[in-house]
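Computed from a predicted model, the values in this text were never measured in an experiment. Just so we're on the same page: letters track the sequence lines, and every chain starts at 1.
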Amino acid sequence: VTDGAAALSAAEVAASVGGELRGEAARLVTGVAPLDRAGASDLSLLAGARYAPAFAATRAGVVLVGPDLADAPGPADVVRVVVARPHDALVALLPRFQPPPTRREGIHPTAVAAPTARIGRGVSVEAFAVIGDGADLADGVWVGPHCVVGDGVVVGPETRLVSQVTCYPGTVLGARVTVHAGTRLGSDGFGYAVADGAHRKIPHVGRCVIEDDVEIGANCAIDRGSIDDTVIGAGSKLDNLVHVAHNVRIGRHCLLMAQVGVAGSSRVGDGAILAGQVGVAGHLTIGAGARLAAQAGVISDVPAGETWSGYPARPHKDALRASAALFKLAAARRGDRAR
Amino acid sequence: VTDGAAALSAAEVAASVGGELRGEAARLVTGVAPLDRAGASDLSLLAGARYAPAFAATRAGVVLVGPDLADAPGPADVVRVVVARPHDALVALLPRFQPPPTRREGIHPTAVAAPTARIGRGVSVEAFAVIGDGADLADGVWVGPHCVVGDGVVVGPETRLVSQVTCYPGTVLGARVTVHAGTRLGSDGFGYAVADGAHRKIPHVGRCVIEDDVEIGANCAIDRGSIDDTVIGAGSKLDNLVHVAHNVRIGRHCLLMAQVGVAGSSRVGDGAILAGQVGVAGHLTIGAGARLAAQAGVISDVPAGETWSGYPARPHKDALRASAALFKLAAARRGDRAR
Amino acid sequence: VTDGAAALSAAEVAASVGGELRGEAARLVTGVAPLDRAGASDLSLLAGARYAPAFAATRAGVVLVGPDLADAPGPADVVRVVVARPHDALVALLPRFQPPPTRREGIHPTAVAAPTARIGRGVSVEAFAVIGDGADLADGVWVGPHCVVGDGVVVGPETRLVSQVTCYPGTVLGARVTVHAGTRLGSDGFGYAVADGAHRKIPHVGRCVIEDDVEIGANCAIDRGSIDDTVIGAGSKLDNLVHVAHNVRIGRHCLLMAQVGVAGSSRVGDGAILAGQVGVAGHLTIGAGARLAAQAGVISDVPAGETWSGYPARPHKDALRASAALFKLAAARRGDRAR
């Protein structure tokens, strides 16, 4: 179903994953698809016993199967490759099948690039993109359709802004960064001083710095710093709809899952993992390697390496214990009433 | 205040809703507005006793009133239509008053459509839209301004992308789908394999499939599948800022309210209702017709037809009982200290 | 580091903040930066003892320091300005250093404005913006790149839509409003009536009204009303990724922090503060000046002036007491088991 970047024979598949070939060695596959949607030129996998019915009816050309399901009933002409961990094997093969995304070098005639912008070699700027005064696009940068790269923004080599991305002035992107559709970088932080009963805006002059090898999902919002910078550390990955406030520092190789919010001036240590919908209050420190369970509401510092959960977030073991005690209490009260 | 698609007389209003006309039968209304903003050509409603002051001062032409408020003091020249459920009656009449949205057929001269794209009959493509190589727009499709329809994307008949919508390659939309402004369909899922201390991206080759009659709100993000597809079932409705991760399957006629997040590979059964800010962890099954209360944090399977709430989510009755027990305990401790 | 709008001497800085000058009065600063990134022409601040090492190594030209750190070891050529509250002093000076954003008056040649739109004096419409039939842009309005201003939308004087903002038909913006990138105003609310097992869309004819001096962050979604209007009161400020449903009324001078969601027809009183990720259920009233703690899940009315937290939200003192009682209970149970 996918347009294969290349064709692989069943023998090459087996050799590549260290599996045992059962069937026609010369069978060619050019794409990857699930059992129920695969055709004769697709590689698929039998990921567990619950998929046995789909396997029995599949039209896939080659299927990766685990040792326990090596003899599962299936069509006679399906080539099987028996391998210890079929899913991992498929993931390892995926890059061979993914076509490189279509990319046209140069500046699309509809794009508007300021004459003062610096455009490196091998840069692509797609339809209707806007490149501001003094922006600096390094070699190999790829700016997708409808992106807005503000005045003076710096974009490092091989970085890709997928589409409809906004980089406010004050944004600095490193090398090999990917920013998905609709994400806003460097917007003003939420800072006001109360004067005469109204909220007066505090100017923001800090930067929004995205370091090398970061990937940011769709429709996120990462503010610029007020005086200091907002920084996303090298190698960190952000999922969709994540909010990062002004002056926050996210460390290196962190994972922030969907809909996480980190309030102003908090710091997240290297390798920390924030699961979906986690909220971190302002001016806190999350230690390196800490893990925050989904929906955790963090209102105090979290030590390095610990796992916290709940609201207000506490060490996960304590939170589990408290939750268990509560439900026992409720059950006991109910028993009292029943007596 | 609204530009009426048509003019209705008070007699026609009364007949249409099965109400009792009190006043000038020939009075014409062309729009709908609340009591405090309505003018002589507007239809309005008196929705309850707390709106009596607004009714007393209204300049509306015709007002729907319930039997209990049929004689509420009001301007002599306001025509009343007495009906059992005024709000439902007004909702039923709304389509008569809503002007059809302005739509210009054809491809706007500023849009960029690949020569290899297939454009059906009666298609509208608005300003600055981008249609990729091999994209397929069925009859009656309406692509709003600044939308990006990626290479090979399939859009079914009468489907509308309102504006600034992104469809990544691998997205397939059914018939009569509406996607609101800024929503991203088919973005890469959040999948990484750790290698040498860094997160290596797992390619995504599954599709993002939106079935018939789905409506998706503004600024949502729905990822494509990794190997399998992500699917939003026919007739389901998603509110604003919803996140749906890779490989998720949402059933038919589900409601996902604002800011809901569903993590990877989870399945939501037909007719389930997920209230605002609900989070569902990965690889779970939410049964058909289940209801998840607002902000529920679901970390285990939910049986069909049940209502769950809280974090970690439990059956709603248990959660209520636990919450009551806790507050009684806290009060008792306080009483102890007071003694 | 920032391009200064003006140069200030150290003497002028000291006079402006009422501080004591220690060092060269004529030293000029043209920008603001944190200690570790500042150069000779930057103003910085020593915000507390933990920044003493950064101060010792700074290359800043002028540094604001508090009385307690006035004699902290630092480079001899750094000019110090001793002032009671260095951070407040810096915030007060920031507007002097922020360059005015680059703005080009007139309609960019790539923008598409309907001939029936009314364009005031001194209006800027940037690249690829779309202005609909009968839209009304008052004097001094600034419409950024890729914005879509729908048919009949009214935009008040000096209001700025930063970029990629959508205003659906039915949107009315007051004076001096700022709307950040990717925010959607006036999208259809989430309203369906069930008929024959399917969800039938209820038309929305109410407006989305944004009053004077409101600022709205990036990637928010504010629906239009169904019959009544959705209103954001004058002077209120919304952070990023906020959702406001149909018919909601937010009062004046409220603060809604990131990822807040307010469900349909709820009312939030003047001056209320909703911290990050708060959810308010439908048809509720939040009193004036109420404060909702981060992640609070509100399912009942909140009296004016009170602070509530948790899910289901309760008065903050009660919630704290309950949380403390629970963890004591869990510890006691643990003690029982240990004995």
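Counting all heavy atoms, side chain and backbone alike, A:Q259 lies closest to C:Q259 at O-NE2, 3.2 Å. Closest of all the heavy-atom pairs between A:F190 and C:L255 is CZ-CD2, 4.1 Å. Of all heavy-atom pairs spanning A:F128 and C:F128, the tightest one is O-CE1, 3.2 Å. Considering all non-hydrogen atoms of both residues, C:R37 and A:G206 come closest at NH2-CA, 4.5 Å. The minimum heavy-atom distance between A:Y311 and C:A293, with the atom names listed, is OH-CB, 4.0 Å.
From A:S226, atom OG reaches atom NE2 of C:H87 across 5.5 Å, with rounding to the nearest 0.5 Å. A distance of 8.5 Å separates CG of A:D188 from OG1 of C:T178, quoted to the nearest 0.5 Å.
Only the side chain of C:H146 comes within contact range of chain A, with at least one heavy atom under 4.5 Å from a heavy atom of that chain. Contact of A:A281 with chain C is not made at all, since no heavy-atom distance falls under 4.5 Å. Using a 4.5 Å cut-off between heavy atoms, C:L35 does not touch chain A at all. Residue C:L43 does not touch chain A at all, counting heavy-atom pairs closer than 4.5 Å. Only the side chain of C:T110 comes within contact range of chain A, with heavy atoms under 4.5 Å apart. In this structure, the portion of C:S163 lying under 4.5 Å from any heavy atom of chain A is its side chain and not its backbone. Looking at A:V260, only its backbone comes within 4.5 Å of chain C, counting heavy atoms on both sides. Both the backbone and the side chain of A:A322 come within less than 4.5 Å of a heavy atom in chain C. Heavy-atom distances place the backbone of A:A129, and not its side chain, under 4.5 Å from chain C. For chain A, the nearby part of C:A294 is the backbone; its heavy atoms alone come within less than 4.5 Å. For A:V298, no part lies near chain C; criterion is any non-hydrogen pair under 4.5 Å.
Checked against salt bridge (Lys or Arg N to Asp or Glu O under 4.0 Å), C:R176 has the following partners two or more places apart in sequence or in another chain: C:D213. For C:C220, the side-chain contact (heavy atoms from CB on, under 4.5 Å) partners two or more places apart in sequence, or in a different chain, are C:T183, C:I216, C:V242.
A:V194 places none of its side-chain heavy atoms less than 4.5 Å from the side chain of C:H253.
Between C:H180 and A:Y168, the ring planes are tilted. Angles from 30° to 60° get that label.
Contact tally against chain C (heavy-atom pairs below 4.5 Å) for A:V130, A:I202, A:D229: the top residue is A:D229. Between chain C and the residues A:Q277, A:K201, A:Q164, A:R314, the largest count of heavy-atom pairs under 4.5 Å involves A:R314. Chosen from A:D133, A:L326, A:V148, A:L241, the residue pairing most often with chain C at heavy-atom distances under 4.5 Å is A:V148.
No donor-acceptor distance shorter than 3.5 angstrom exists from the side chain of A:D228 to the backbone of C:P34, with no hydrogens or angles considered. The backbone N or O of C:G276 sits nowhere less than 3.5 Å from a side-chain atom of A:H243 that would complete a donor-acceptor pair.
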Hey, mind stepping through C:V162 and A:T166 against side chain to side chain contact (heavy atoms under 4.5 Å, CB included) and telling me if it holds? CA-CA 10 Å; C:V162 172; A:T166 314; 5.8 Å; no
